Amino acid sequence: MQGSRCRMLVCVIVFLSCLGAIKVYCGDEPEVLEEIVLDEIWSAVRVGFCLLTHENTQYAAYYNSDRRTVVAMRKLGQQKFVKQVLPSESDEPPRRSKVTSTIQGWDSHNYLTMAVDEQGHVHLSGNMHVDPLLYFRTEKPGDITSMVQVKLMVGRDEDRCTYPKFMKGPDGSLIFHYRDGSSGNGLEIHNVYDAKKRKWRRLLDKPLISGFGKMNAYQRGPSLGPDGWYYLVWMWRDTPDAATNHDISCARSRDLIKWENMAGEVLELPINIKSPGTIIDPVPAGGGMINSCFAHSFDSKNRLVVSYHKHDDKGNTQAYAARYVEGKWMVKAVSDWEGKHIFKGGGSGPSTYGTFIALSAVKQHGDGKLAIPFRHWKEGRGSLVFDEETFDRLGVDSASRLAPRHPAALRKVQSKFPGMAVRWASDKGESPDSDCSYYLRWESLGSNRDRPREGDLPPNAKLVLYKIRNAD
């Protein structure tokens with residue numbers, strides 16, 4: 001059905017105790033322009049879905065109420081989606097065997113992701129956590145009813161796959177990245193697709209990063225910066241225990257083939273813990289870093305800024321920012337929090353013993369200022385504001401989070417079942433309307449460290465597509 005055309009002006013006054021000021025946010029509430037109930041989904045565990053707008057066609061990939069993988073498509077403006085349930089080699093979820101499965105289990109790692117190549121074919125991968133490669137693509141451009149499973153991409157290092165990701169290379173070619181192996185023992189693999197021959201090959205003749213069986217890299221990127229460089233930021237992890245993350249690191253490339261450190265020194269592949277000049281901050285295992293909470297972005301002068309948290313000398317966990325300046329990394333704490341973030345263990349959502357920290361990538365925050373949006377178990381929500389050049393702390397801005405992407409009513413949980421939360425999937429493609437964005441919305445319980453839940457489970461939830469006019 002069509003959403004309401006009414007727009008609401010929202011004014012919020014916030015007292016900023018740390019900055020000693022009062023800020024007023026006045027802006028339009030995001031407006032729902034379109035609302036389509038796409039399907040019902042199993043809501044017993046959190047897992048990621050995919051929404052992809054390509055030209056005038058929209059694709060969605062999700063697990064339905066029967067826990068089956070579904071790909072759906074529509075032409076923009078149409079209310080009805082065409083749906084295709086993907087076949088499965090097994091009637092059980094993935095079990096780290098030689099058999100692939102499109103059935104959803106309890107593992108929150110097993111998100112779905114999609115891409116469209118230069119010829120218009122749709123590619124899908126997912127439902128893997130140290131499992132055989134699960135990969136589908138269309139036989140006819142843009143036609144999901146022709147989607148078939150392709151058992152092999154390159155044919156090697158495809159038995160223990162996790163974290164699939166599609167991206168575009170410098171020449172527009174489709175690149176597929178995944179981890180081969182497990183926590184503490186994995187390789188980072190990149191394949192490149194020849195859309196005319198419909199064949200994959202290795203982008204590199206060696207893994208990009210390797211821990212040589214002693215550790216593995218949890219990475220962000222490669223992502224193209226405004227300066228024309230692809231940046232890769234990662235931290236090493238020794239075992240499945242999240243507390244063993246260490247040594248946040250960085251490398252860059254012009255073409256994704258040849259890599260160098262920030263000093264411009266060429267790196268021999270695979271990049272490893274001993275690769276010269278790659279370590280940003282030599283944080284030891286147990287030093288307070290976690291692979292789910294680090295990011296990178298750029299300041300007003302297009303310089304890379306990396307954000308993460310670690311324990312300080314007093315044992316308090318702080319947010320840090322790092323930038324490469326005159327031949328070395330400038331690293332500074334941009335928070336002044338009290339309390340230690342304690343976490344350990346494996347699986348989705350390691351035990352945190354009542355503490356949590358979430359940090360977003362650095363954002364520009366007016367002239368000469370940067371900010372890191374955060375959530376903290378004691379300090380609540382806000383943005384850590386600091387000087388762009390010196391990284392000196394300037395305070396906390398509690399109002400910077402008040403320009404919402406979604407209407408207030410949609411941010412509230414509608415389910416009455418205890419523990420449910422709202423989940424969103426942003427559009428991985430581009431909306432043809434620059435002032436509007438598309439989202440998938442659903443509700444579910446959180447992750448359960450990838451283990452089955454005991455007791456009652458929530459009823460199925462609605463998966464809804466929204467077209468939302470962005471707030472001013």
Side-chain angles (χ1 to χ4, degrees), residues 36 38-39 41 47-64 67-76 78 81-88 94 100-104 108-129 131-151 153 158 161-169 172-179 189-195 198 200 223 423-432 437-442 463-467:
I36 300 174
L38 181 53
D39 211 333
I41 58 100
V47 70
F49 299 156
C50 183
L51 176 66
L52 174 63
T53 303
H54 178 70
E55 297 178 347
N56 68 335
T57 306
Q58 202 158 52
Y59 304 94
Y62 59 94
Y63 302 107
N64 66 11
R67 298 159 63 178
R68 301 271 176 176
T69 301
V70 180
V71 183
M73 65 174 289
R74 68 159 185 159
K75 296 296 182 182
L76 292 179
Q78 295 180 351
F81 276 80
V82 175
K83 301 175 185 177
Q84 181 74 11
V85 178
L86 298 185
S88 182
T100 62
S101 173
T102 60
I103 310 300
Q104 181 189 8
S108 289
H109 291 84
N110 291 8
Y111 60 83
L112 299 169
T113 188
M114 292 186 294
V116 179
D117 66 31
E118 303 103 298
Q119 303 295 322
H121 287 278
V122 183
H123 301 245
L124 176 144
S125 185
N127 205 30
M128 307 177 301
H129 186 198
D131 292 300
L133 175 68
L134 184 71
Y135 167 60
F136 285 77
R137 71 169 177 247
T138 55
E139 292 289 290
K140 299 178 182 179
D143 181 5
I144 62 167
T145 64
S146 71
M147 187 165 276
V148 297
Q149 184 173 5
V150 180
K151 288 288 292 181
M153 269 193 177
E158 296 177 355
C161 302
T162 312
Y163 303 126
K165 177 185 177 182
F166 293 103
M167 60 178 292
K168 291 295 179 69
S173 59
L174 186 64
I175 294 174
F176 181 70
H177 163 254
Y178 63 98
R179 184 189 73 190
I189 304 294
H190 291 78
N191 297 333
V192 62
Y193 189 63
D194 187 324
R198 305 197 71 199
W200 291 91
S223 54
R423 314 295 175 190
W424 296 94
S426 300
D427 193 351
K428 295 178 70 70
E430 294 185 6
S431 169
S437 299
Y438 289 96
Y439 302 93
L440 292 178
R441 182 197 182 277
W442 68 100
L463 177 64
V464 185
L465 171 76
Y466 287 99
K467 180 180 181 180

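Both backbone and side-chain heavy atoms feed into the values below; hydrogens, waters and symmetry mates do not. These figures come from a predicted structure and were not determined experimentally.
Taking the six-membered ring for Trp and thresholds of 30 and 60 degrees, H129 and H109 have nearly parallel ring planes, at less than 30 degrees apart.
To the nearest 0.5 Å, the span separating CG on L112 from CG on L86 amounts to 8.5 Å. Expressed to the nearest 0.5 Å, how far CG of D131 lies from CD of E158 amounts to 13.5 Å.
The salt bridge (charged side-chain N to carboxylate O under 4.0 Å, His left out) search around E118 returns none, not counting sequence neighbours. Remark: S223 engages H296 in a side-chain hydrogen bond (donor to acceptor under 3.5 Å, both in side chains) (not counting sequence neighbours). Applying the side-chain hydrogen bond (donor to acceptor under 3.5 Å, both in side chains) rule to K140 yields no partners; only residues at least two apart in sequence or on another chain are considered. Take A115 and apply the side-chain contact (heavy atoms from CB on, under 4.5 Å) test, not counting sequence neighbours, and it matches F166, L174. Remark: R441 pairs with E443 by the salt bridge (charged side-chain N to carboxylate O under 4.0 Å, His left out) rule, at least two apart or across chains. Take P164 and apply the side-chain contact (heavy atoms from CB on, under 4.5 Å) test, not counting sequence neighbours, and it matches Y111, T113, S125, M128, F176. With sequence neighbours excluded, the residues that form a side-chain contact (heavy atoms from CB on, under 4.5 Å) with S101 are S88, S90, P94, I103, N127. For D143, the side-chain hydrogen bond (donor to acceptor under 3.5 Å, both in side chains) partners at least two apart in sequence or on another chain are T145. In terms of the salt bridge (charged side-chain N to carboxylate O under 4.0 Å, His left out) criterion, K428 has no residue partners (sequence neighbours excluded). Listed by chain and number, the residues in a salt bridge (charged side-chain N to carboxylate O under 4.0 Å, His left out) with R67 amount to none (sequence neighbours excluded). Considering only residues two or more places apart in sequence or on other chains, K75 meets the side-chain hydrogen bond (donor to acceptor under 3.5 Å, both in side chains) condition with T57. Taking the side-chain contact (heavy atoms from CB on, under 4.5 Å) definition, one finds that E139 meets it with S146, V148, R198, sequence neighbours left out.
Closest non-hydrogen pair, D427 versus Q58, comes out as OD2-NE2, 4.5 Å. Nearest approach of D117 to A195, heavy atoms of both residues: CG-CB, 4.4 Å. Closest non-hydrogen pair, N110 versus V47, comes out as O-CG2, 3.2 Å. Summarising the geometry of S173 relative to V192, their closest heavy-atom pair is OG-CG2, 3.6 Å, with the distance given to 0.1 Å. Across all non-hydrogen atoms, the minimal contact from F81 to A72 is CD2-CB, 3.7 Å. For the pair F136 and P87, the tightest heavy-atom approach, listed with the atom from each and the gap, is CZ-O, 3.7 Å.
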* What's the verdict on side chain to side chain contact (heavy atoms under 4.5 Å, CB included) for T102 and L134, showing C-alpha distance, side-chain angles and the deciding distance? -> CA-CA 8 Å; T102 60; L134 184 71; 4.0 Å; yes
* Asked: Stepwise, does the side chain to side chain contact (heavy atoms under 4.5 Å, CB included) test hold for H121 with R137?
  -> CA-CA 7 Å; H121 287 278; R137 71 169 177 247; 5.5 Å; no
* **CA sep, side-chain torsions, deciding dist, call: H123, Y135, side chain to side chain contact (heavy atoms under 4.5 Å, CB included)** => CA-CA 7 Å; H123 301 245; Y135 167 60; 2.7 Å; yes
* Evaluate the criterion side chain to side chain contact (heavy atoms under 4.5 Å, CB included) for residue pair T69 and Y63; output intermediate values, then yes/no. => CA-CA 5 Å; T69 301; Y63 302 107; 3.3 Å; yes
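Inspection of the E430 and T53 side chains reveals no N or O donor paired with an N or O acceptor under 3.5 Å. For the residue pair Y59/H54, the side-chain donor-acceptor check at 3.5 Å is not satisfied.
Using a 4.5 Å heavy-atom threshold, the side chains of L51 and Y62 count as separate. Looking at Y163 and Y178, their side chains never come closer than 4.5 Å, going by heavy atoms from C-beta outward. Inter-residue side-chain proximity for R74 and I36 is flagged as met; some heavy-atom pair is nearer than 4.5 Å. V71 places none of its side-chain heavy atoms less than 4.5 Å from the side chain of M73.
Judged by distance alone, with hydrogens and angles left aside, the side-chain atoms of K83 form a donor-acceptor pair with the main-chain N or O of L38 at under 3.5 Å.
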